[in-house]
K.L.:
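This structure is in structure tokens; I'll ask about it shortly.
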Amino acid sequence: MSKERDRFVATAVPFMRNVYSAALRLSGKPDVAEDVTQDTYLRAFRTFDRFEPGTDCKSWLLTIMHSVLINRYHYARRHPETPLDTVDPDSTALASSDQQLAAVIERLSAPDVESALASLPEAFRSAVVLVDMEDLTYEEAARVLDCPVGTVRSRLYRARRLLFDALLHHARRAGYATTGEQSS
Amino acid sequence: MSPETHPIDALVDLMDGRLSGDELRAVEQHVRSCSVCQHEIAMLTTAKQAATRLPTISLPPELESRVLASLEDADHGKPSDAPAVTTARTQPVAAQAFWRWVASIGLAAAVLVSAFLWLRPADLPAAAAAHVADYTSQRLSMDSNESDALRLQGSLQSRVSFPLRVFDLQMMGYSLAGGRVLEIGNRTAAAWVYRGTAGWLLCEMFLGRLEDLPRPDDTRVTNDFTFYVYHRDNGTQVFWEEGDVLCVLASQLPSEDVIQLAIAKAMKPQ
């Protein structure tokens with residue numbers, strides 16, 4: 001094994017689960033996620049001399065992964081931008097208390113939460129996957145998504161709101177009592 | 001901060017710990033007195049916690065070994081730290097049998113060399129650079145002198161099986177000077193040229209991936225595109241992907257000019 005490949009494997013391979021998880025949650029297709037992961041590592045290896053030691057390798061790999069997903073697999077890159085000021089914060093009026101509702105959602109199974117996440121539009125889902133699940137900062141997520149930091153913030157807001165609604169929907173279908181909680 | 005206005009963007013920053021100082025105090029004060037924002041934060045936090053509780057997905061079996069194997073394959077084209085392989089010593093044989101053996105080995109070697117030359121990855125940047133050099137020295141000509149981008153695209157599209165996009169560089173001071181179908185590294189490519197006051201630009205599109213290319217001299221990542229930059233034959237060759245199509249812009253113009261033109265014209269497949 002060449003020393004460079006050795007160094008690349010030691011630096012980048014520990015993040016393969018992160019790359020695969022994000023690719024799967026963004027594409028929704030295990031076979032695409034596997035191919036994207038392999039392509040990401042090949043491309044990262046070829047450009048490893050441009051990676052600055054000490055900088056965040058996970059963020060660098062996720063940037064390449066996102067680019068591969070968009071360019072090669074025609075991953076839909078829709079931008080359903082909803083300006084923040086058009087969102088009515090009062091649109092979800094809850095009869096039950098916030099704590100009760102949080103407790104109901106907490107009881108949902110992981111597949112239910114995955115399903116709710118998968119129902120989000122891609123642009124919103126990618127913000128949640130990168131920031132809430134892969135622990136990227138807004139700035140790192142903005143670099144991955146190639147958009148301004150403010151856009152990451154607005155997508156995060158919309159994504160969490162939509163995710164909350166989707167979780168409520170799953171909670172109702174699962175038979176949890178959420179009586180009168182939503183009248184948007 | 002007015003109690004009638006709800007600082008939605010600041011709420012997201014607040015729950016993610018991105019506020020400090022006066023801004024933090026102002027937003028906290030507003031939230032304490034605003035039931036709408038309290039409820040908003042409760043919903044957003046519930047959703048965020050549900051997402052963060054999801055476990056990291058396990059890697060499918062074999063994926064890591066598959067990736068490592070592909071890295072090893074990719075590494076073969078690079079200088080290795082491994083010692084060179086020594087030639088095995090042969091046993092003495094009878095003269096006639098020996099020459100038959102030499103002849104058969106020679107034939108097998110010739111077949112192997114031919115197969116290697118046929119199958120080895122073509123140096124696509126060098127091929128694109130050669131096309132530019134051939135065109136500027138008039139060893140390569142275009143079939144058509146069409147200068148209208150849409151008409152040239154229609155003409156070339158009927159001769160290739162992949163989606164084609166002849167872009168217009170008129171605003172950048174380059175006019176179309178014709179196109180043709182040719183071969184680059186055993187692949188069918190559509191090619192066209194632009195004429196500017198400082199020189200020629202050649203664009204080619206063909207089926208391929210960035211992984212088909214050798215290690216780039218430079219890489220640019222912008223607007224969700226990755227650009228591989230090469231400097232072959234005193235020129236610049238910039239490659240990028242548009243779906244399944246590999247595009248290259250090649251020229252002997254100043255390197256940065258070629259790179260910026262490629263970046264400006266790269267476009268996602270519709």
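Within every chain, numbering begins at 1; the chains are lettered A, B, ... in the order of the sequence lines, protein sequences first and strands thereafter.
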K.L.:
Does a salt bridge link A/Glu34 with B/Arg66, judged by any charged N lying under 4.0 Å from a carboxylate O?
P.N.:
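Yes, this pair counts.
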K.L.:
Who wins among A/Leu108, A/Asp49, A/Leu167, A/Leu156 for the most heavy-atom pairs under 4.5 Å with chain B?
P.N.:
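Among A/Leu108, A/Asp49, A/Leu167, A/Leu156, the one with the most close pairs to chain B is A/Asp49.
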K.L.:
Given a strict heavy-atom distance threshold of 4.5 Å, which part of A/Arg17 is in contact with chain B: side chain, backbone, both, or neither?
P.N.:
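The answer is both parts of A/Arg17.
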K.L.:
Please determine whether side chain to side chain donor-acceptor pair (under 3.5 Å) holds for the pair B/Gln260 and B/Glu256, giving the CA-CA distance in whole Å, both sets of side-chain angles, and the decisive distance to 0.1 Å.
P.N.:
CA-CA 6 Å; B/Gln260 291 307 322; B/Glu256 197 56 34; 2.7 Å; yes
K.L.:
Is the shortest distance from a Lys or Arg side-chain nitrogen in A/Glu140 or A/Lys58 to a carboxylate oxygen in the other one below 4.0 Å?
P.N.:
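Result for this pair is no, no salt bridge flagged.
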K.L.:
When only pairs under 4.5 Å are counted, which of B/Thr52, B/Leu44, B/Leu210, B/Leu11 shares the most heavy-atom pairs with chain A?
P.N.:
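Maximum pair count with chain A is reached by B/Leu44.
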K.L.:
In terms of heavy-atom pairs under 4.5 Å with chain B, which of A/Ile105, A/Leu42, A/Thr47, A/Leu117 leads?
P.N.:
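The option with the most such pairs is A/Leu42.
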K.L.:
What part of A/Val144 lies closer than 4.5 angstrom to a heavy atom of chain B: side chain, backbone, both or neither?
P.N.:
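Interface part for A/Val144: backbone (N, CA, C, O).
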K.L.:
What is the ring orientation for B/Phe227 with B/Trp240, classed by angle as parallel under 30°, tilted 30 to 60°, or perpendicular over 60°?
P.N.:
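Ring orientation, 0 to 90° scale: tilted.
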K.L.:
Nearest 0.5 Å, please: how far is CG in A/Asp39 from CD1 in A/Ile64?
P.N.:
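Rounded to the nearest 0.5 Å, the CD1-CG separation comes to 11.5 Å.
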K.L.:
Taking the basic N atoms (NZ, or NE/NH1/NH2) and the acidic carboxylate oxygens, is any pair closer than 4.0 Å for B/Asp16 and B/Lys48?
P.N.:
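Yes, charged N to carboxylate O under 4.0 Å.
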K.L.:
For the pair A/Glu139 and B/Arg18, find out whether any cationic side-chain nitrogen is under 4.0 Å from an anionic carboxylate oxygen.
P.N.:
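So A/Glu139 pairs with B/Arg18 through a salt bridge.
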K.L.:
If you take the centroid of each ring, where Trp contributes its six-membered ring, are A/Phe8 and A/Phe51 closer together than 6.0 Å?
P.N.:
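When the ring centroids of A/Phe51 and A/Phe8 are compared, they turn out to be at least 6.0 Å apart.
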K.L.:
Where on A/Glu134 is there a heavy atom nearer than 4.5 Å to chain B: the side chain, the backbone, both, or neither?
P.N.:
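A/Glu134 has no heavy atom closer than 4.5 Å to chain B.
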K.L.:
Among B/Leu63, B/Val67, B/Leu54, single out the residue with the greatest number of heavy-atom pairs under 4.5 Å to chain A.
P.N.:
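The candidate making the most pairs under 4.5 Å is B/Leu54.
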K.L.:
With a 4.5 angstrom heavy-atom cut-off, which part of B/Phe225 approaches chain A: side chain, backbone, both or neither?
P.N.:
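Both backbone and side chain of B/Phe225 come within 4.5 Å of chain A.
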K.L.:
Do you know which of A/Thr137, A/Val128, A/Asp132 has the most heavy-atom pairs under 4.5 Å to chain B?
P.N.:
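Of the options given, most contacts go to A/Asp132.
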K.L.:
Picking from A/Arg43, A/Met133, A/Arg143, which has the most non-hydrogen pairs under 4.5 angstrom with chain B?
P.N.:
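Max contact count across the listed options: A/Arg43.
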K.L.:
Does any backbone or side-chain atom of A/Val152 lie under 4.5 Å from a heavy atom of chain B? Answer side chain, backbone, both or neither.
P.N.:
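Contact with chain B involves no heavy atom of A/Val152 at all.
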K.L.:
Checking heavy atoms, do the side chain of B/Glu64, its backbone, both or neither come under 4.5 Å from chain A?
P.N.:
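Contact with chain A: backbone and side chain both.
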